[in-house]
Amino acid sequence: MDNVTETLASMIIIGICATLVMDVWGWLRQPLLGVAPPNYAMVGRWLLHMGHGQFRHTAIAASPAMPGEKATGWLAHYLTGLAFAGILLAIEGQSWIHQPSLAPALLVGISTVAAPFLLMQPGMGAGIAACRMPDPNAARLQSLLTHAIFGIGLYLGGWVSHGMQG
């Protein structure tokens with residue numbers, strides 16, 4: 001396998017693994033912390049409304065439902081995980097896959113919280129870093145924790161990719 005193919009395969013494996021770990025956390029946090037899992041249909045709704053020229057909403061849940069929003073949201077969620085895995089590999093290089101380490105994966109995972117804080121939450125009506133939410137600090141903490149869990153998933157995905165290539 002050439003370097004480009006190996007890196008692409010690793011990106012896919014790492015991104016899927018990390019996103020799955022994040023999803024497991026999303027499902028576990030309700031029984032553990034009383035926090036509802038994310039509703040990716042709202043992400044799909046937001047993205048699909050963009051196709052009609054609407055990029056910002058007062059409250060995405062109050063915006064009209066769009067056909068295919070759930071599938072679109074889940075697809076966007078996993079494609080974003082792949083892109084963030086690609087960022088990790090772009091920073092660390094292919095050598096990281098041969099010896100994954102936690103610090104870079106966790107750093108990239110935590111830094112990805114910028115996406116919801118600066119793009120998704122403002123676009124969906126929650127404001128920058130959830131400032132319009134009823135309890136913004138709780139929402140921020142949940143976002144930060146979820147993205148740290150994603151970083152741990154990147155690390156675990158690195159080992160899965162390493163094992164599949166070895």
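Remark: the backbone N or O of A130 is not paired with any side-chain donor or acceptor of R140 at under 3.5 angstrom. No donor-acceptor pair closer than 3.5 Å links the side chain of H57 to the backbone N or O of M124. Under the 3.5 Å distance criterion, the side-chain polar atoms of S111 are matched with a main-chain donor or acceptor of V108.
Two residues are said to be in side-chain contact when any heavy atoms from C-beta on lie closer than 4.5 Å; P104 and I91 fail this criterion. In this structure, P38 and H77 have side chains that are not in contact, with every pair of non-hydrogen atoms separated by 4.5 Å or more. Side chains of M22 and H147 form a contact here, defined as non-hydrogen atoms less than 4.5 Å apart. A 4.5 Å side-chain heavy-atom check between Y155 and L88 finds every atom pair outside the cut-off. Contact annotation: the side chain of T146 approaches that of R29 to within less than 4.5 Å [non-hydrogen atoms, C-beta and beyond].
S101 contributes atom OG, which lies 10.5 Å from atom CG of L106 (distance to the nearest 0.5 angstrom). Distance check: M11 CE to S161 OG gives 11.0 Å after rounding to the nearest 0.5 Å. Note: F117 CZ to T112 OG1 = 10.0 Å, rounded to the nearest 0.5 Å. Separating the CG atom in L89 from the CG atom in L154 is a distance of 8.5 Å, to the nearest 0.5 Å. Going from atom CE of M120 over to atom CH2 of W46 covers 6.0 Å, rounded to the nearest 0.5 Å. A distance of 14.0 Å separates SG in C17 from CH2 in W159, rounded to the nearest 0.5 Å.
Of all the heavy atoms in Q94 and S10, the pair that sits closest is NE2-OG, 4.1 Å. Pairing each heavy atom of P64 with each of H49, the nearest pair is O-NE2, 2.8 Å. Looking at every heavy atom in both residues, A126 comes nearest to M133 through CB-SD, 3.6 Å. Contact between A76 and T80 at its shortest, heavy atoms only, is O-OG1, 2.7 Å. Between G15 and T19, the closest heavy-atom pair is O-OG1, 2.7 Å. Residues H98 and H162 come closest through the heavy atom pair O-CE1, 3.1 Å.
L107 and I152 are not part of a single hydrophobic cluster, where members link through side-chain heavy atoms under 4.5 Å apart. Criterion: ILVMFWY side-chain heavy atoms under 4.5 Å apart, direct or through other members. Under it, F55 and M42 are part of a common hydrophobic cluster. When the side chains of ILVMFWY residues are joined at heavy-atom separations under 4.5 Å, either directly or via intervening members, I110 and L141 end up in two distinct hydrophobic clusters. Both M50 and L75 belong to a common hydrophobic cluster when Ile, Leu, Val, Met, Phe, Trp and Tyr are linked at side-chain heavy-atom distances under 4.5 angstrom. Residues L144 and L102 share a single hydrophobic cluster, defined by chaining ILVMFWY side chains whose heavy atoms lie under 4.5 Å apart.
Open room surrounds CD1 on I128; 12 or fewer heavy atoms of other groups in view lie less than 6.0 Å from it. Annotation for M66: atom CE counts as buried by contact number, over 12 foreign heavy atoms lying within 6.0 Å.
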For the pair V21 and F150, evaluate side chain to side chain contact (heavy atoms under 4.5 Å, CB included) and give the outcome as yes or no after the intermediate values. CA-CA 7 Å; V21 168; F150 177 76; over 6 Å; no
Tell me, with the steps shown, if V160 and I14 meet side chain to side chain contact (heavy atoms under 4.5 Å, CB included). CA-CA 7 Å; V160 170; I14 293 167; over 6 Å; no
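Judged by distance alone, the side chains of W74 and Y78 never bring a donor and an acceptor atom under 3.5 Å apart.
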